[in-house]
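Notes for the one structure printed next.
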Amino acid sequence: MIIDVDILVLGTGIAGLSFALRASEYGNVALVTKKSDTESNTNYAQGGIAAVFDPNDSFESHIRDTLVAGAFLCHEDAVEILVREGPERVKELAELGVRFTHNRNPKSPVCFDLGREGGHSTRRIVHAKDLTGREIERALVAKVKAKSNIRLFEHDHAIDLIVKKLDGKTICRGAHVLDSETGDVMSFQAKVTMLATGGLGRVYLHTTNPEIATGDGVAMAFRAGAVVANMEFIQFHPTTLYHPQARSFLISEAVRGEGGVLRLASGETFMEKYHEQGCLAPRDVVARAIDAELKKSGEECVYLDVTHLDPELVKEHFPHIYETCLSVGIDITREWIPIVPAAHYACGGVLTDVDGRTTIDNLYACGEVACTGVHGANRLASNSLLEAVVFARRAALRAREDVRNAPSQPVDEYDIESHSEPVDAEYVRELTAELRTAMWKYVGIVRTNERLAKAFEIVSQIEARAEKLYSVGKLSPELLELRNMALTAKLIIMSAQLRKESRGLHYNLDYPNTDDVNFKRDTLLVLNGDMVPEAVTHSKLCCR
């Protein structure tokens with residue numbers, strides 16, 4: 001079945017929803033999501049959205065904090081755009097109905113209550129209590145559902161992008177999508193396609209990400225011939241709840257921003273040994289410090305202590321965290337919170353320019369799936385929601401021209417008949433578990449050449465098995481996700497092997513120093529003529 005639309009959007013996080021709302025002003029939109037309309041990494045974002053509102057703050061300060069956190073690998077033009085356009089985008093979210101927490105001080109010149117998080121030199125985190133992402137999703141979904149020319153397709157899984165060759169260029173014409181309820185395949189024929197598929201945290205055994213975060217967008221774009229960048233930079237959130245009944249529940253960085261202290265089981269503090277900002281150091285520093293202390297002590301977790309703070313302040317600022325911890329028997333106003341790091345955010349992804357355009361014509365990417373260059377080697381806290389909304393707007397403005405001028409090239413229906421053989425679902429689950437375990441064990445917070453080589457061997461074998469199953473097997477969401485996870489994991493490993501230094505989130509014991517002479521640049525990968533990944537030199541990369 002072929003469905004003809006002007007704009008196809010894959011993903012319903014803040015990036016996809018923001019883009020869809022703006023693009024609906026000049027075309028009809030199909031909005032496709034694997035789960036329900038609000039299931040995304042956005043929905044799990046507790047902290048907030050960083051923007052300059054305080055008169056004592058400045059764009060220059062936010063830019064500097066971003067560059068420092070990103071280990072100076074950030075694209076400065078993209079950072080400048082992010083920071084300077086950010087406040088207006090936050091105001092627009094408020095106008096759309098996002099109920100941000102407001103400042104109760106009537107004498108304050110700032111209407112928003114501003115929090116502080118690690119890596120920020122001042123308070124600039126606009127938030128909605130400790131459920132900012134969920135509140136943004138609520139407001140944007142309501143607006144999307146009110147638009148008559150946006151059609152929402154839930155519980156549908158994208159299989160692959162549809163690309164055509166024209167005058168030596170590769171042009172995206174839409175995507176094949178599996179209806180997981182019927183088993184049918186819909187071929188969306190679109191003038192513009194936006195990848196807003198979110199993150200890839202589920203390639204790791206321990207992650208803060210929801211089950212849908214399987215790297216689908218990166219894998220599909222790469223198979224289609226797009227360049228991906230900086231896949232080695234995986235951010236591990238340093239503070240996730242360590243409890244068997246609430247695995248990988250994120251404890252917002254804002255908790256440390258309000259005075260939370262990291263402690264060992266003995267009660268000893270330790271962050272002052274690793275960074276001058278102590279508990280407010282950037283996430284990569286905190287995650288490595290915790291990893292080092294756990295390896296040194298043999299303990300299974302460290303602790304986050306807020307018992308010295310006003311209990312009412314804790315309950316008021318962090319109601320979701322308080323209630324979740326209380327539900328597993330931890331009263332955080334009286335007891336320390338047991339925490340460990342977990343895979344959280346991908347700083348790399350599908351390479352784009354500052355208008356969201358990828359290296360394939362009429363294919364855009366935005367949000368966590370994209371690499372705009374904003375985050376460099378490590379994302380500054382609460383810059384992710386800001387990046388999504390800033391670059392979604394820019395992409396929507398730019399895509400108007402592509403919708404108007406898109407070539408008329410009909411697409412073919414997907415050959416579902418070739419996928420007829422039964423697939424052992426248990427085998428798919430076993431391969432998925434093996435993949436996630438290998439990535440956690442060998443491609444984690446601290447890496448070595450030997451560990452990366454071992455991971456590459458294991459993941460390559462899993463990828464080959466997944467592709468074999470996919471080539472003839474009956475399609476299922478689990479099989480499609482395994483295929484995408486295996487390729488995405490392979491790209492992470494290959495990128496890590498190419499970067500022979502330690503910078504930001506990539507720390508290799510065999511190359512412990514930062515090498516600005518040879519590696520102060522992006523790591524780029526693309527498919528070669530033999531359909532295998534290879535590195536791209538920057539001199540050969542043709543940016544549009």
Side-chain angles (χ1 to χ4, degrees), residues 2-32 75 77-78 80-82 84-86 88-89 92 140 143-144 147-151 158 161-175 187-197 217 220-221 224-227 229 349-367 369-374 387-411 541-544:
I2 294 177
I3 300 175
D4 196 13
V5 297
D6 292 321
I7 301 115
L8 172 63
V9 181
L10 302 176
T12 54
I14 185 175
L17 294 171
S18 297
F19 178 85
L21 279 173
R22 293 185 184 277
S24 68
E25 297 172 5
Y26 54 79
N28 59 78
V29 180
L31 191 55
V32 176
H75 298 186
D77 59 338
E80 186 98 8
I81 288 168
L82 174 87
R84 294 188 181 276
E85 295 185 10
E88 285 303 312
R89 303 291 80 77
E92 286 175 356
L140 292 181
K143 292 295 182 181
V144 162
K147 289 280 189 177
S148 60
N149 62 335
I150 299 179
R151 186 178 174 189
L161 298 172
I162 301 170
V163 291
K164 300 282 186 177
K165 294 288 186 180
L166 182 66
D167 299 330
K169 292 184 177 180
T170 302
I171 301 174
C172 184
R173 293 291 288 121
S187 296
F188 287 87
Q189 180 172 279
K191 296 173 182 176
V192 162
T193 300
M194 165 57 79
L195 280 176
T197 51
M220 288 190 296
V227 174
V350 183
L351 184 66
T352 74
D353 65 10
V354 294
D355 292 323
R357 297 182 297 172
T358 72
T359 52
I360 294 176
D361 284 3
N362 295 39
L363 176 66
Y364 288 72
C366 189
V369 71
C371 181
T372 61
V374 157
E387 178 196 31
V389 72
V390 165
F391 290 97
R393 173 183 177 273
R394 295 179 65 88
L397 294 175
R398 188 67 180 80
R400 182 192 293 264
E401 181 181 338
D402 283 343
V403 169
R404 186 168 57 242
N405 299 325
S408 177
Q409 283 185 303
V411 304
L541 182 63
C542 180
C543 296
R544 292 182 291 128

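Quick caveat, the model's predicted, so the values are computed rather than measured.
- Scanning both residues, Ala224 and Val163, for their nearest heavy atoms gives CB-CG1, 3.8 Å.
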### Task
Just do the side-chain contact (heavy atoms from CB on, under 4.5 Å) check on Lys147 and Val29 with the steps written out, would you?
CA-CA 10 Å; Lys147 289 280 189 177; Val29 180; over 6 Å; no

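- Taking all atoms of both residues into account, the shortest heavy-atom contact from Val350 to Thr358 is CG1-CG2, 3.7 Å.
- Considering all non-hydrogen atoms of both residues, Leu195 and Gly217 come closest at CD1-O, 3.7 Å.
- If you run side chain to side chain contact (heavy atoms under 4.5 Å, CB included) between Leu31 and each of Val5, Ile7, Val144, only Val144 comes through.
- Of the inter-residue distances, the one linking Ser187 atom OG with Arg173 atom CZ reads 12.0 Å to the nearest 0.5 angstrom.
- Between Leu397 and the choices Arg394, Arg393, Glu401, Arg400, the side chain to side chain contact (heavy atoms under 4.5 Å, CB included) rule is met once, by Arg393.
- Formation of a donor-acceptor pair under 3.5 Å by the Ser18 side chain with backbone atoms of Ala392 is not found in this model.
- Between Leu8 and Ala190, the shortest heavy-atom distance links the atoms CB-CB, 3.7 Å.
- Proximity of Leu10 to Met220: side-chain heavy atoms (C-beta onward) are separated by under 4.5 Å at one or more points.
- To the nearest 0.5 Å, atom OG of residue Ser24 and atom NZ of residue Lys143 are 11.5 Å apart.
- Applying the salt bridge (Lys or Arg N to Asp or Glu O under 4.0 Å) definition to pairs two or more places apart or across chains, those involving residues 6-23 are Asp6-Lys191, Arg22-Glu92.
- The distance from the OG1 atom of Thr352 to the NE2 atom of His75 is 9.0 Å, given to the nearest 0.5 Å.
- Closest of all the heavy-atom pairs between Asn149 and Gly27 is ND2-O, 3.0 Å.
- In this structure, Phe188 CZ and Ile2 CD1 are separated by 11.5 Å, a value rounded to the nearest 0.5 Å.
- Atoms CG and CZ, on Leu363 and Arg357 in that order, are 12.0 Å from each other to the nearest 0.5 Å.
- At a threshold of 4.5 Å between non-hydrogen side-chain atoms, the residues Asn362 and Thr193 do not count as touching.
- Counting heavy atoms of neighbouring residues, nucleotides and ligands inside a 6.0 Å radius, atom CZ of Arg84 exceeds 12 of them.
- Partner of Val374 under the side chain to side chain contact (heavy atoms under 4.5 Å, CB included) criterion, out of Val390, Val354, Ile81, Leu82: Leu82 alone.
- Here the shortest heavy-atom pairing between Gly367 and Ala388 reads CA-CB, 4.3 Å.
- Rounded to the nearest 0.5 Å, atoms CG (Asp361) and OG1 (Thr170) are 8.0 Å apart.
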